[in-house]
Amino acid sequence: MLTIMENADQLAQSAAEEILNTVRAQPNAIIVLPTGNTPLPTYARLVEISQQQAIDWSGVRVVSLDEYSGIARDDPRVLCSWLERKIIGPLGIATDHFIRFEPADDPLTESARIEDWLGKNGPIDLAVLGLGLNGHLGFNEPGTAFTARAHSLTLTPESISSNATYWGGEDKVPRSALTLGIGTLMQSCRIMLMVSGQAKADILARSIEGAVGPEVPATALRSHPNLIILADGSAALALSRESLP
Ligand code: PGA
């Protein structure tokens, strides 16, 4: 289901409500959360509403969508530390309820450890995702099999370039990463894809209307039975009339 919101604030409001509905219905829900610019307003709103309404997050388990690998745990670029600052800490989620890839540890062992945790504790109740300029989900880069489980990978030039805006230059972007796989994410009970800004208009149109296949990882989502796409007006600009709600 595609919903077009008027602007990024409305998108944040709807996305925060969607996440809160999951927590209200399942106080011990497992929720996947992404890093990036797109979810920032949603996280701010989520914290605000949670404080106003005294939402109890103590039973919720958050799984990080992805992480760089081959950098130290205290490196400022560690994505899970960003998540901790922006959302895990402010919501009062305990450290042992935050399931995260360790950036400095062996990537194969890390991928297996996260899959093992999900196998024992899953399914994921809600996976919140952003959309990469190249159609990636997490760090499932173009060409990744739709059946992929958590894995390590080398970033594509497109992801290095888009991540450069976070760290002040391409040379500062780590070259390898860890991610939940598309196959892992597709087993989630519900998936919410958030897309904002005109820069994402073309890739959103390709994701919704283009050929389904690994070259645009987000096209995998089209076969998910419980998918919600929240896009703001700018991100929806390239969609054809048939796609619009
Ligand atoms: P963004 O990143 O939210 O910063 O645009 C999304 C992504 O690349 O997955």
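Counting starts at 1 for both ligands and their atoms, following the listed order.
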So, do Gln53 and Arg24 sit near enough that their side-chain heavy atoms are less than 4.5 Å apart? yes
Partners of Asp106 by side-chain hydrogen bond (donor to acceptor under 3.5 Å, both in side chains), sequence neighbours excluded? Thr109
With Gln10, which residues qualify under side-chain hydrogen bond (donor to acceptor under 3.5 Å, both in side chains), at least two apart? none
Between Glu84 and Arg100 (salt bridge meaning N to carboxylate O under 4.0 Å), is one present in this structure? yes
dist Leu91:CG -> His97:NE2 (nearest 0.5 Å) comes out at 13.5 Å
Note: with side-chain heavy atoms under 4.5 Å as the link, the other cluster members for Trp167 come out as Tyr68, Ile71, Val78, Leu79, Phe139, Leu153, Leu155, Ile160, Tyr166, Val173
If you count only heavy atoms, which residues are under 4.0 Å from ligand 1? Gly36, Asn37, Thr38, Leu131, Gly132, His136, Tyr166, Lys200
